[in-house]
2 protein chains.
Amino acid sequence: MSRPSALARAVTLLLLTVAAAPPASAQDTASAGPLTLQSQGSFFIGGREVQSDTLSTLPAYAPAGTITVDQMYVHYEIPIAAGNRPRLTLIHGCCLTGKTWETTPDGRMGWDEYFLRQGYPVYVVDQSWRGRSAGSVAAINAVKLGKAPLDQLPTVFSAAHEGAWTIFRFGPEYPKVYDGMRYPLGAQAEFWKQMVPDWSNAVPTPNPTVPALSELAQRLRGTVLISHSQSGIYPFQTAALSTQGIAGIIAIEPGACPAPTDDLTPYKGLPILVLWGDYVDLSPRWAPRLKNCRAFVAAVNANANGAAAQGAGAKAEMIVLPEIGIHGNSHMLMQDNNSLQIAALLVTWIERHVGTLP
Amino acid sequence: MSRPSALARAVTLLLLTVAAAPPASAQDTASAGPLTLQSQGSFFIGGREVQSDTLSTLPAYAPAGTITVDQMYVHYEIPIAAGNRPRLTLIHGCCLTGKTWETTPDGRMGWDEYFLRQGYPVYVVDQSWRGRSAGSVAAINAVKLGKAPLDQLPTVFSAAHEGAWTIFRFGPEYPKVYDGMRYPLGAQAEFWKQMVPDWSNAVPTPNPTVPALSELAQRLRGTVLISHSQSGIYPFQTAALSTQGIAGIIAIEPGACPAPTDDLTPYKGLPILVLWGDYVDLSPRWAPRLKNCRAFVAAVNANANGAAAQGAGAKAEMIVLPEIGIHGNSHMLMQDNNSLQIAALLVTWIERHVGTLP
């Protein structure tokens with residue numbers, strides 16, 4: 001049982017968090033004051049060339065030729081005086097893009113800017129085949145042109161508002177709302193605009209985002225991979241490819257953690273935080289995932305320390321926010337009305353468990 | 001004939017441009033020094049709710065429900081000391097996203113940052129149904145589920161490298177290169193990663209980007225709409241909806257200008273610049289478009305001033321870069337190796353023809 005020490009850490013964190021939480025006025029971008037960047041820009045990681053003869057059905061664009069897919073778009077901002085703080089890589093979840101981490105639907109500061117203002121270089125990605133990271137429509141045109149059967153149409157979906165409502169735990173079912181739930185539902189129309197079609201079932205396994213994250217980590221020489229939901233497993237898969245360049249993993253409500261029976265060697269000694277919001281026990285979708293992640297965290301720590309010393313020096317931990325007295329968080333923690341309080345908690349965790357780069 | 005006065009203006013501009021052009025070292029982001037922002041963030045404009053029963057073919061996501069489409073993603077950065085300079089809205093072209101204006105494929109500063117450093121607030125959009133602006137895949141699933149015939153698959157295409165080579169005027173045909181052509185082809189693999197599928201034939205006419213730009217202009221109360229290629233016609237269509245909030249139009253190699261026989265009232269007195277690169281006469285695709293734009297510019301000025309005073313006080317102009325001594329520009333002016341020289345030319349034009357907001 002690693003619960004006692006995890007709980008002790010959580011209580012410490014809570015105290016730190018309350019101290020570090022920004023005043024209410026800082027929740028508003030407009031009042032945050034000027035921000036000085038050392039540099040900013042964007043680039044792609046990964047990508048492979050694909051030949052096709054069904055790229056187009058229009059006369060103005062040739063059907064045959066080469067396109068590039070699987071690359072991952074990365075936008076970065078580096079604050080002045082970043083020192084040797086680790087770089088933070090923000091990886092969005094299902095049906096969303098890097099917009100997840102920017103200005104909230106009700107116009108408050110996003111985590112991207114909050115972390116910058118705390119002195120951290122911030123890298124925001126769009127998963128492969130999502131947002132500014134190109135996919136291919138060749139399979140659609142192949143069917144349209146009669147060159148492939150109907151069942152070769154790609155498996156793509158949009159999450160409807162009604163279904164997403166439950167998945168994001170705004171309430172038990174649309175349009176019911178959990179008591180005290182912190183998502184700014186007054187701006188829900190703006191949130192729905194963030195949702196985009198999901199092509200992840202039409203791409204190779206593991207998702208090309210994973211090798212791209214590995215290449216990014218090696219390029220950055222020290223990044224905390226911060227995932228959310230669908231992308232929750234990606235940093236773990238990335239570490240399994242290579243731990244080079246990975247300074248830590250923060251999995252926010254991951255769709256999956258590795259199984260406790262997996263090879264846990266890649267996670268030995270790696271600072272890992274799995275973070276959960278509220279109402280998880282009420283969700284048939286999320287409750288088992290939380291349970292599996294708890295087993296994973298326990299297994300990693302047991303693996304790292306041996307059965308006897310279990311807990312001492314453990315590097316993985318799990319925080320369920322209501323267990324440390326923070327109530328009302330939905331699945332979209334980074335946009336809830338206490339989003340910067342949660343971000344401050346993460347900064348504190350990073351300072352204590354990841355520290356600075358050598 | 002408005003050519004003499006246009007030419008005189010062009011020569012003046014050239015002189016101004018040479019003076020305003022940044023030194024070679026400033027072409028490199030790394031050497032540009034810190035950048036202080038007053039604020040930054042992102043939001044969506046527009047969007048409509050759509051009901052569908054073919055959103056998904058997966059058990060984990062319901063087929064029926066509501067999604068939001070047609071919205072336009074906008075990312076902005078406001079420099080300190082922007083004063084009352086007009087806001088610049090950057091609108092990318094076909095098969096591309098807002099990435100167009102960011103770091104170039106060979107790692108130089110993008111126009112987004114250059115304009116910021118000149119004191120202009122910068123708004124970068126992703127067209128509707130592109131990048132971070134969601135489209136719908138319901139039509140694909142309708143066919144996949146047998147609820148719609150094959151011919152109702154959306155008309156979507158990817159531009160192949162080989163075809164894009166000619167369209168972007170890197171050379172007459174892939175892989176030939178025009179003499180002196182300025183696109184950084186050594187980094188072409190990075191450029192191809194910027195290209196995404198184009199859904200513009202699957203959306204209403206005018207493109208939902210157009211009413212979104214109109215709403216954006218009214219919200220910004222004074223923006224220069226800077227378009228490229230496919231989006232070239234959008235600012236003109238936007239002005240036809242309402243000129244409110246539009247401080248000027250810069251159309252960079254527009255896919256189309258309005259016809260000289262169109263109602264030109266919306267453009268009367270509006271500062272308009274149509275800008276072209278090199279090798280246009282060699283391109284069967286672009287040569288007639290340039291010719292049509294020249295006729296449009298002449299007609300706008302004739303309309304504005306009357307036949308007798310034609311030229312004097314005219315607000316529309318066209319610059320073909322080789323005609324003012326700048327040679328070698330491809331269709332992707334904002335990424336060519338003299339990209340910041342072109343950007344400086346635009347800043348000079350904006351200062352002289354748009355000025356500051358009241």
Side-chain angles (χ1 to χ4, degrees), chain A residues 29-30 32 34-44 47 55-58 61-62 64-68 71 73 75 80 97-99 102-103 110 113 126 131-132 134-138 140-141 143-144 150 153-163 189-190 192-197 201, chain B residues 29-30 32 34-44 47 55-58 61-62 64-68 71 73 75 80 97-99 102-103 110 113 126 131-132 134-138 140-141 143-144 150 153-163 189-190 192-197 201:
Chain A
T29 303
L35 169 67
T36 302
L37 304 176
Q38 184 58 49
S39 62
Q40 64 170 3
S42 63
F43 54 87
F44 291 92
L55 296 175
S56 167
T57 59
L58 292 167
Y61 294 90
T66 312
I67 60 171
T68 306
Q71 61 272 18
Y73 171 76
H75 187 272
I80 51 163
T97 69
K99 164 63 184 162
E102 299 175 350
T103 314
E113 183 170 334
D126 282 351
R132 291 175 171 177
S136 172
V137 293
I140 300 169
N141 288 329
V143 173
K144 190 166 185 159
L150 210 58
L153 280 173
T155 299
V156 288
F157 69 94
S158 296
H161 304 174
E162 297 84 353
E190 294 307 306
W192 303 132
K193 294 178 188 179
Q194 296 187 14
M195 301 194 71
V196 299
N201 292 277
Chain B
T29 302
L35 168 67
T36 302
L37 304 177
Q38 184 58 49
S39 62
Q40 65 170 4
S42 63
F43 55 86
F44 290 92
L55 295 175
S56 168
T57 59
L58 292 168
Y61 294 89
T66 312
I67 59 170
T68 306
Q71 62 273 18
Y73 170 77
H75 187 272
I80 51 163
T97 71
K99 165 62 185 164
E102 299 175 350
T103 314
E113 183 169 332
D126 282 351
R132 292 175 172 178
S136 171
V137 293
I140 299 169
N141 288 330
V143 173
K144 190 165 184 159
L150 210 58
L153 281 173
T155 299
V156 288
F157 69 93
S158 296
H161 304 173
E162 298 84 351
E190 295 307 306
W192 302 132
K193 294 178 188 178
Q194 297 187 13
M195 301 194 71
V196 299
N201 293 276

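Computed from heavy atoms alone, side chains included, the values below leave out hydrogens, waters and symmetry copies. Below, chain A is the first sequence line, B the second, and so on; all start at residue 1.
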Quick check for you: among [options], which has the greatest number of heavy-atom pairs under 4.5 Å with chain B?
options                              : value
A/Ala64, A/Ser136, A/Gly47, A/Pro154 : A/Pro154
A/Ser56, A/Gly135, A/Pro34           : A/Pro34
A/Ala62, A/Pro197, A/Gly163          : A/Pro197

Atom group of [X] that falls short of 4.5 Å from chain A, counting heavy atoms:
X        : result
B/Phe43  : backbone
B/Ile67  : both
B/Ala138 : neither
B/Ile80  : side chain

[X] side, atom [atom1]; [Y] side, atom [atom2] - distance, nearest 0.5 Å:
X        : Y        : atom1 : atom2 : result
A/Tyr73  : A/Thr97  : OH    : OG1   : 10.0 Å
A/Ser158 : B/Asn141 : OG    : CG    : 8.0 Å
B/Thr57  : A/Leu153 : OG1   : CG    : 9.5 Å
B/Trp192 : A/Thr66  : CH2   : OG1   : 9.5 Å
B/Phe157 : A/Ile140 : CZ    : CD1   : 13.0 Å

Taken in chain and number order and not counting sequence neighbours, the residues that satisfy side chain to side chain donor-acceptor pair (under 3.5 Å) with B/Gln194 are B/Gln335
Pair count under 4.5 Å, heavy atoms only, with chain A: among B/Ser42, B/Gly65, B/Ala134, highest is B/Ser42
In terms of heavy-atom pairs under 4.5 Å with chain A, the winner among B/Arg132, B/Gln71, B/His75, B/Met195 is B/Arg132
What do the steps show when you test A/Asp126 against A/Lys99 for side-chain contact (heavy atoms from CB on, under 4.5 Å), and what is the final call?
CA-CA 9 Å; A/Asp126 282 351; A/Lys99 164 63 184 162; over 6 Å; no
When the 4.5 angstrom heavy-atom criterion is applied to A/Leu58 and chain B, the contacting part is side chain
